[in-house]
Amino acid sequence: MMTKRKVFITLALFLVSLTLLRIGWLSFYNAPDHPKAVQGELDLRDWDISSNRPISLDGEWEFYPNQFLLHEETNHNTSTQGTDFIQVPGNWKTKFSTEHKTAEGYGSYRLRILVNPDKHQTYSLHLSNIQTSNELFANGHSLKKSGHPASTREQYTAKNAPSTVTFSSDKSEIELVIHVANFDSILEGGVLNPIRFGTGSTVGSEQSFTMSLQIMMVVILLIHAIYAAILYIIGYRQKSLIFLSLSLIFGVASILIDDSQLLLSWLPLNYEWNVKIFLLSYMGTAILLLNCVRFTLHEFTAVRSFRWLTILNLMYVMFILLAPAKYILFSVPFFYILYFPTYLVMPVLTVSIALRTSKDALLLVLVASALTTNVFWGIVKNLGFIDMMYYPFDLIIALIALASFWFKRFIQTANRTKQLAKKLQMADKLKDDFLANTSHELRTPLHGMINIAQHVLDEEKESLNKQNAQNLELLLTVGQRMSHTLNDLLDLSQLKEGRIHLELDSIRVQSVASGVVDMLKFMTEGKMITLSMDIPDSFPRVIADEKRLVQILYNLVHNAIKFTYEGTISINAELRDGQAFIHVSDTGIGMDEELKNRAFQAYEQGDTGTSTTIGGIGLGLSICQQMVKLHGGTLTVSSTPGQGSVFTFTLRLSDREEMDSIAMIETSTPYVAASNNESESDLSPLKPILASDRPKILAVDDDTVNLKILGDILSSDQYDVVKVTNGKDAILKLDSAQWDLIIADVMMPQMSGYELTRIIRERYTLSELPILLLTARSQPEDINSGFLSGANDYITKPINAFELKPRIKALTDLKRSIGQRMRLEAAYLQAQIKPHFLFNTLNSITALSEFDLPKMNDLIDAFSSYLRISFDFWNSQQLVPIRHELELVHSYLYIEKQRFENRLNFIWDVQPDIHVMIPPLSIQPLVENAVRHGVLSLSKGGTVQLRVERRDQCIEISVEDNGVGMKEDKLTPLLHFQAREKSGIGLLNTDRRLKQLYGEGLKIWSQPDQGTKVSFKIPLD
């Protein structure tokens, strides 16, 4: 922390240095003492124009308000009596009538310059900031025009661009007349900046030098802006860099729009956009620099006053963008009120930080002070208090100080990174020690559990029932897998410390490979994988540690099984260059170049995305490589994504002389250990069945051990559990039964649990088919991905039965309650008989009572039957006899036939002896829809046909009409809930109930002017 004394002394010396440098610049480049204009006349006859720098034509000019002076008029009026004079540069507002009260108007400036006549002499004039349009005349000749000055607002065109003109004259008097018009700025007008006068070479050199300085600063600022943006893009993600880059870009715009106004010579901007860009560039630079400092000094990030200052500035920026130039110019004083305090805040912030923190912050104090000083002098210049050539050194010094700050911070960050790297290396060693110690501590109780389980299985196997014996065997398998993981951790620790010693011997690779195949064949159960060993019996022995060779092959084959979903995994060998090359090949997912480069690093795992990551801690391949190196060999991998991988390691031959006796290596019959997929009944497609009282659960997991555990947990609760090992099989089984719950592992090969869930959600809603995801990771992003994909719930592994059972019960109860709600909804819809249907039917009964009593009685019977069945309690059941539904349909059609007579015809095509249970109110909505929206939409009416017929293993029910029909765009949304929210849901309800029961809903065919056919199938047991 720096003392106040040191900070303020440094700041004071810095400000004094900046001020002295600027004063020196002013004194060096300001014009020497020269004559001033007096009463419209400037006498330069005693002034050597060619040997001196350009001068300013300051002083008293003749002024003619509300008049554009012509050359002829000036020739006839050489007397100055009665002529008004005005100070140049200066605001002409006071020269107009008092009623005017604004700077709007037009007029003429006139100056007579007395020179020594020289026909070879050329003169130049530089004009700038003449509000807001002007035309220059020299000796009656128009030299330059900016905008179009006129006596009326309609004829006038505003433009305020600097210009340099060159002319020659052999006369002793040069008459300058400037026509000026201003109808935009109500605060100031006229010639506001000095007019520079000199020879053509001196004025041109001065302006070229000024523009060169501005272009130099533009290039410097752009380089720094690009540099800051690149730093942010490549990973140094600090908001201050973005604000710095943007502020520098706005700073470039402010340089180009001010002083020489280079932007106006490059772009055809009108006066209004000239004003807007001028103010926006300066205001944007201030806002962005303030936020750059704010985010660099993290202590002030959340300070509200800075936010309000930023908001106030942004509001003024919006005003500049939307308001006309006239009102923008009127608000210029408000601009200065906002602009300069914004820069005053920066030194205050940086000084406060420098007093509290390290001396590095002093560089930021210098940056802020240089910027504030530059802004102060810029305001003084724009207000007309001084005339000064473009001065770049404040900005250059600020950029040097800023670059010094960032470079110093970079060096400090690099040093801290080195220190952190050392700490990380130490932490890595401590981590390895911790894992080794933890593994040692876990091995004893784990082996105790394994030994106890093995003892019970050996001693009590005869007295145990089959289920308990299988559970103990499963416990032993899981324990052995955990033991292997602990052994890997211990081996990694020992390998790093060099404490593994090999017991080399002459080993037959064939025997070791066959044993490894037998050890791992259980992992292929439920997978279409063939595991084979293809090493010939005649293959020579190798020099290896048998225990470590088993470990190498076990890890490689285990890894191949994890990443192979169907196909072949084989172990083979060949002789090459006097060494044994052992290959473990698979037809799995393969690896890309990036994954191959890091495959042998510790704790690296194959990963094709978070949704397909396969379990493990990523030590197997790293340990294999180090074990092979201990044997004096190498382990390499060749792989192609989507085609598989081949891991190859080399071993020394036991007796090199045996190679000479091997003329040909005959491959023995491959040793095959593959799962018997044909015998697994749960993998074959199931026939469509009716929903039973026991909830049906489809469990999906690529790990058969996890499936076994899941099945054992749920068996006591009387669930029907069907197991599949991948998402594709799960999708095939969706239509084979009515499922109450899907339990899916998130991390599965080929198709992850997330993808499976999304596919299921395309057909079933959250309530129609709940999904419970099993995940080994419980990070918020993983849980969020599960819910976004459409899961109802999730549970983390390892599975806790006390947590799993209540969740499953809640989800299955939800599924069944939703099914009951849908049935009640259908019954409710039917019970809500439309009033006009009742009134029309009663009117028909009344009408028939006057002339046809028998038909009236038949209509009353049909109406009574319709009402009785509509309010029948059976309608809330899951299934009813088909005759119940047909009776309702028949009553409805009879009633409508009596009403519409020849406009409605129906064909009753129902095969006899069909006795089947169907969902209630599944036919009647289809018939009613065909009548009301099909045939009765035509003035001539039409025919409705109901067909019920037996097919192969199902009953097909169809309702067909020859009514108006529908177009494809209206047909598609009929069975989508989102498209039906504001219309009837009878068809939708029927479709969803059919899908829940049988896996297949309504099928609709329709053509405009041809009719519509709706059908569905009821499977037979």
Side-chain angles (χ1 to χ4, degrees), residues 1-23 25 217 220-221 224-225 227-228 231 236 238-248 250-251 254 282 285-303 305-307 309-310 313 338-380 391-413 416:
M1 186 176 74
M2 300 185 67
T3 62
K4 285 186 178 181
R5 178 185 176 86
K6 188 174 182 179
V7 171
F8 286 112
I9 289 177
T10 303
L11 179 59
L13 291 175
F14 182 70
L15 292 176
V16 169
S17 301
L18 290 179
T19 304
L20 291 176
L21 184 62
R22 185 177 286 268
I23 292 174
W25 179 269
M217 283 308 305
I220 293 174
L221 292 180
H224 281 77
Y227 172 71
L231 280 179
Y236 199 61
Q238 289 193 6
K239 290 183 179 180
S240 57
L241 286 175
I242 287 296
F243 284 114
L244 175 62
S245 179
L246 293 175
S247 66
L248 292 173
F250 274 83
S254 66
Y282 279 103
T285 305
I287 297 171
L288 293 166
L289 273 177
L290 177 64
N291 282 277
C292 175
V293 173
R294 175 184 163 202
F295 283 99
T296 301
L297 308 176
H298 302 290
E299 296 85 346
F300 300 101
T301 302
V303 176
S305 57
F306 299 144
R307 294 182 181 177
L309 183 59
T310 302
N313 280 275
L338 279 179
Y339 179 66
F340 189 63
T342 303
Y343 279 95
L344 283 179
V345 170
M346 299 180 200
V348 175
L349 292 181
T350 53
V351 167
S352 64
I353 290 296
L355 292 174
R356 285 183 292 169
T357 59
S358 65
K359 59 182 181 180
D360 296 342
L362 187 60
L363 290 170
L364 289 179
V365 174
L366 302 183
V367 173
S369 302
L371 291 175
T372 304
T373 302
N374 184 70
V375 169
F376 170 77
W377 285 100
I379 293 175
V380 170
Y391 179 79
F393 295 107
D394 286 345
L395 288 178
I396 293 174
I397 293 171
L399 287 174
I400 292 173
L402 183 63
S404 302
F405 172 78
W406 282 109
F407 280 121
K408 194 168 185 179
R409 175 171 284 192
F410 174 78
I411 293 171
Q412 292 173 348
T413 303
R416 282 197 298 267

* To do: Kindly write out the residues that satisfy side chain to side chain contact (heavy atoms under 4.5 Å, CB included) with Leu15, not counting sequence neighbours, or none if the list is empty.
  => Leu11, Ser369, Thr373
How long is the straight-line distance from [atom2] of [Y] back to [atom1] of [X], given to the nearest 0.5 Å?
| X | Y | atom1 | atom2 | result |
| --- | --- | --- | --- | --- |
| Thr285 | Leu246 | OG1 | CG | 10.5 Å |
| Thr350 | Leu371 | OG1 | CG | 10.0 Å |
| Leu395 | Ile400 | CG | CD1 | 11.0 Å |
| Met217 | Phe393 | CE | CZ | 10.0 Å |
| Tyr339 | Ile379 | OH | CD1 | 6.5 Å |
| Thr19 | Asp394 | OG1 | CG | 8.5 Å |

What heavy-atom pair brings [X] and [Y] nearest, and what distance separates the two atoms?
| X | Y | result |
| --- | --- | --- |
| Val348 | Leu344 | CG2-O, 3.3 Å |
| Ala401 | Leu366 | CB-CB, 4.3 Å |
| Ala370 | Phe14 | N-CE2, 3.9 Å |
| Ala368 | Pro347 | CB-N, 3.7 Å |

* Asked: Donor-acceptor pair, Ser247 side chain versus Leu244 backbone, under 3.5 Å?
  -> yes
* Donor-acceptor pair, side chain of Ser240 and main chain of Phe295, under 3.5 angstrom -> no
Quick one, [X] and [Y] - any side-chain contact, counting heavy atoms below 4.5 Å?
| X | Y | result |
| --- | --- | --- |
| Thr372 | Phe340 | yes |
| Met346 | Leu364 | no |
| Val375 | Tyr282 | no |
| Leu309 | Thr342 | yes |
| Thr10 | Leu362 | yes |
| Phe405 | Val367 | no |
| Leu21 | Ile397 | yes |
| Arg416 | Thr413 | yes |

* Partners passing side chain to side chain donor-acceptor pair (under 3.5 Å) against Asn374 (at least two apart in sequence or in another chain) -> none
* Step by step, work out the side-chain contact (heavy atoms from CB on, under 4.5 Å) result for Leu248 and Leu399. => CA-CA 10 Å; Leu248 292 173; Leu399 287 174; 4.1 Å; yes
* **Intermediate values then yes/no, side-chain contact (heavy atoms from CB on, under 4.5 Å), Phe8 and Val351** => CA-CA 8 Å; Phe8 286 112; Val351 167; 4.1 Å; yes
* Asked: Of all residues at least two apart in sequence or in a different chain, which pass the ring pair (Phe, Tyr, Trp, His ring centres under 6.0 Å) check with Phe250?
  ->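 Testing Phe250 for ring pair (Phe, Tyr, Trp, His ring centres under 6.0 Å), a comparison that skips the adjacent residues, returns none.
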* To do: Please state whether the rings of Trp25 and Tyr391 are parallel, tilted or perpendicular, taking 30° and 60° as the class boundaries.
  => perpendicular
